[in-house]
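The block underneath contains the structure these notes are about, expressed in structure tokens.
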Amino acid sequence: MEDLPENYQPPLRPNWDEYFMMMAKLVATRSTCLVFPVGAVIVKDRQMLATGYNGSPSGSIHCTTQGYCYPGLSTCDASSVLPSRAVHAEANAIAQAAKHGICCNGGSIYVTLEPCISCLKLIISTGIKEVFYETVFNSGDKAMVRDLYINDGLVTLKKIHLSEEISQKGASFLLNPTSVLGMVKAGQ
């Protein structure tokens, strides 16, 4: 390290929470929901175990394919009676792990939207202890129920904010080749 220039600054690098939140945001690009594209990543020991995004159940036509959720209803949130057609991202990630025999007990989940109460109960029952989210969802009575689970020590929730610099670096890596110098050296 003595050979480094005095003004050397290491390259900007996301911390683990930022890294996994960016992965969840990338997973959300696969969502087939017309209203809330959501992505989730289940992590244990800094390793991704499973991912999930929200959309119609496997085998069912996607809302994005048909352009509406139900006939005559452009989006699920346009009705106070009909339930959402989407399986939530958290439930899909947990189902994906279960399908492949992966234990999530003691893990964490990164999700772009704070889990609804039903998903939070599923997360707790799965043994996931930490929830990291980007956007708040629960309010009023739902927030009160969420807080009861937190106060009982069943789960912790932490809001994650991606800095402008980390977001720009992530976007740059998505838009441009990341190994250009390596390709030039290899004669490609």
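Count residues from 1 along the sequence. In what follows, every heavy atom counts, from backbone to side chain, and hydrogens, waters and symmetry copies are set aside.
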Under the salt bridge (Lys or Arg N to Asp or Glu O under 4.0 Å) criterion, do K159 and E134 qualify, and how do the steps go? CA-CA 6 Å; K159 190 173 189 307; E134 181 180 49; over 6 Å; no

Can you tell me if [X] uses its side chain to pair, donor with acceptor, with the backbone of [Y] under 3.5 Å?
X	Y	value
N138	P115	yes
R85	I61	yes
E18	N15	yes
S31	C33	yes
S172	Q168	no
T112	G39	yes

Side-chain donor-acceptor pairs of residues 142-149 under 3.5 Å, sequence neighbours excluded:
unit_1: R146; atom_1: NH1; unit_2: E114; atom_2: OE2; d: 2.7

Contacts satisfying side-chain hydrogen bond (donor to acceptor under 3.5 Å, both in side chains) that involve residues 61-73 (not counting sequence neighbours) are T32-H62

All salt bridge (charged side-chain N to carboxylate O under 4.0 Å, His left out) counterparts of K158, not counting sequence neighbours: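 Checked K158 against salt bridge (charged side-chain N to carboxylate O under 4.0 Å, His left out); matches are D17.
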
In the hydrophobic cluster built from side-chain contacts under 4.5 Å, what are the other members alongside W16?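 Besides W16, the hydrophobic cluster comprises L12, Y19, F20, M21, M22, M23, V27, V41, V43, M48, Y53, Y110, F132, I160, L162, I166, listed by chain and residue number.
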
Could you list the cluster mates of L174? Members are the ILVMFWY residues connected by side-chain heavy atoms closer than 4.5 Å, either directly or through other members. L26

May I ask you to test the V38-V111 pair for a side-chain heavy-atom distance under 4.5 Å?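 Yes - at least one pair of side-chain heavy atoms lies under 4.5 Å apart.
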
Side-chain contact, heavy-atom cut-off 4.5 Å: T156 with I150? no

What residues form a side-chain hydrogen bond (donor to acceptor under 3.5 Å, both in side chains) with S167, not counting sequence neighbours?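 S167: no side-chain hydrogen bond (donor to acceptor under 3.5 Å, both in side chains) contacts found.
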
Are there over 12 heavy-atom neighbours, none belonging to D45, within less than 6.0 Å of that residue's CG?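 For D45, atom CG is not crowded (no more than 12 foreign heavy atoms under 6.0 Å).
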
With a sphere of 6.0 Å drawn around CG of D152, does it hold more than 12 non-hydrogen atoms of other residues, nucleotides or ligands?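 Yes, because the 6.0 Å sphere around CG of D152 holds more than 12 heavy atoms from other groups.
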
